[in-house]
Amino acid sequence: MKLATWNVNSLKVRLPQVIDWLEANQPDMLCLQETKLLDENFPQSEIASIGYQSIFIGQKTYNGVAILSKQKGSEIVTAMPSFDDEQRRVIAATYEDIRVVSIYVPNGDNVESSKYEYKLKWLLALNRWLQQELKNHKKLVLMGDFNIAPEDRDVYDPKMWEGKVLCSEPERMAFNELLNLGFTDSFRLFEQPEKSYTWWDYRMMAFRLNRGLRIDHILLNNELARACAACVVDKTTRKLERPSDHAPVMVELSM
DNA sequence: ATGGTAGAGGATCTA
């Protein structure tokens with residue numbers, strides 16, 4: 001079984017790339033972030049035509065998340081309970097016995113910003129919600145755009161980024177507190193290429209110079225971590241015409 | 001000189 005996550009930065013623009021990628025990689029589920037589409041505009045039929053079901057929750061211009069899957073999902077949730085949020089950043093569903101929680105964590109802008117406060121509150125609410133989800137589901141995967149680079153090795157220039165948003169200690173602590181609930185960062189279960197990242201700024205030739213950060217993650221609970229056979233970042237999408245600034249991440253589970 | 005690029009939407013806001 002293959003599970004993937006990809007911040008597409010507008011599904012309208014990236015739909016042809018998403019369809020090509022699904023056909024080439026055949027994941028069982030693909031979580032999308034930053035669809036930037038109202039639900040009425042979601043390209044459900046185009047995605048269905050290649051054999052994938054869609055669940056989604058979107059809004060105009062910003063945010064928006066979806067899960068595309070070969071099998072039908074159940075117990076669909078489109079927001080965190082007990083966290084009032086106008087922004088569409090969460091979608092979860094159960095596929096057979098696997099609970100999939102797909103998230104788009106707020107960016108935070110900068111550590112002085114009120115958006116940063118919102119990010120930390122959002123992460124606290126996520127932690128609390130997942131404690132419940134872990135109790136209710138034996139197999140759980142949490143994946144998406146976390147907007148957090150967990151360690152210095154996930155950052156092309158750790159000194160320049162020290163204390164900055166995406167790398168600050170409170171954010172990294174929030175990430176570690178998620179791990180402490182009983183999750184494993186699937187990417188670090190395996191030998192990986194040096195300087196592996198999932199996001200590169202569009203500006204300043206960042207991708208060409210591999211000035212990136214690893215901020216998109218697939219976290220597996222213990223039951224699924226035991227079954228994990230691979231985790232890879234697919235950089236090839238970042239080389240396409242009109243790419244997303246993020247690359248997809250995919251895990252393979254032996255089950 | 002707080003720059004630069006992309007997306008949405010139609011001036012800025014977000015990332």
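Only a predicted model underlies this, so the values are computations on that prediction, with no experimental measurement involved. Chain letters run A, B, ... following the sequence lines, proteins first and then strands; every chain starts at 1.
When A:Asp216, A:Asp245, A:Asp145, A:Asp234 are each tested for a side-chain contact (heavy atoms from CB on, under 4.5 Å) with A:Thr198, only one passes: A:Asp216.
No engagement by A:Arg238 is indicated, since no non-hydrogen atom pair under 4.0 Å with the nucleic acid exists.
Residues satisfying the side-chain contact (heavy atoms from CB on, under 4.5 Å) criterion with A:Asp201, sequence neighbours excluded, are A:Trp199, A:Arg203, A:Ala206.
Rounded to the nearest Å, the gap between the P atom of B:dG9 and that of B:dC13 is 16 Å. Nucleotides B:dT14 and B:dG10 place their P atoms 15 Å apart, quoted to the nearest Å. A distance of about 22 Å separates the P atoms of B:dA8 and B:dG3, rounded to the whole Å. Separation of the P atoms belonging to B:dT2 and B:dG7 is 25 Å when rounded to the nearest angstrom. Atom name P, nucleotides B:dA1 and B:dT12: the rounded distance is 22 Å, in whole Å.
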Legend entry - Stepwise side-chain contact (heavy atoms from CB on, under 4.5 Å) check, A:Arg14 with A:Arg242: CA-CA 8 Å; A:Arg14 237 62 72 187; A:Arg242 286 191 92 185; 4.2 Å; yes
Inset, instruction - With side-chain contact (heavy atoms from CB on, under 4.5 Å) as the test, would you mind laying out the steps for A:Phe187 and A:Ile218 before giving the verdict? - result: CA-CA 7 Å; A:Phe187 190 75; A:Ile218 301 180; over 6 Å; no
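Within residues 103-125 of chain A, the residues that have a heavy atom under 4.0 Å from DNA chain B are, in order of number, A:Tyr104, A:Asn107, A:Lys115.
Looking at A:Met143 and A:Leu219, their side chains never come closer than 4.5 Å, going by heavy atoms from C-beta outward. A:Tyr156 is not listed as a side-chain neighbour of A:Lys195, based on a closest heavy-atom distance of 4.5 Å or more.
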Return all side-chain donor-acceptor pairs below 3.5 angstrom for residues 41-50 of chain A, not counting sequence neighbours, or 'none' if the list is empty.
from    : atom 1 : to      : atom 2 : distance (Å)
A:Ser49 : OG     : A:Glu46 : O      : 2.6

Would you be so kind as to tabulate the donor-acceptor pairs closer than 3.5 Å made by side chains of residues 64-72 of chain A, with sequence neighbours excluded?
from    : atom 1 : to      : atom 2 : distance (Å)
A:Ser69 : OG     : A:Gln71 : O      : 2.6
A:Lys70 : NZ     : A:Gln26 : OE1    : 2.7

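Sorted by first then second residue, the ring pair (Phe, Tyr, Trp, His ring centres under 6.0 Å) pairs that include residues 84-111 of chain A, not counting sequence neighbours, number zero.
Each of A:His246 and A:Arg14 lies near DNA chain B, and the nucleotide nearest A:Arg14 is the one positioned closer to the 5' end. Judged by closest nucleotide on DNA chain B, A:Tyr202 is the one of A:Asp145 and A:Tyr202 placed further toward the 5' end.
On the nucleic acid side, DNA chain B contacts chain A at distances under 4.0 Å to non-hydrogen atoms, with the end points of that region at B:dG4 to B:dA15.
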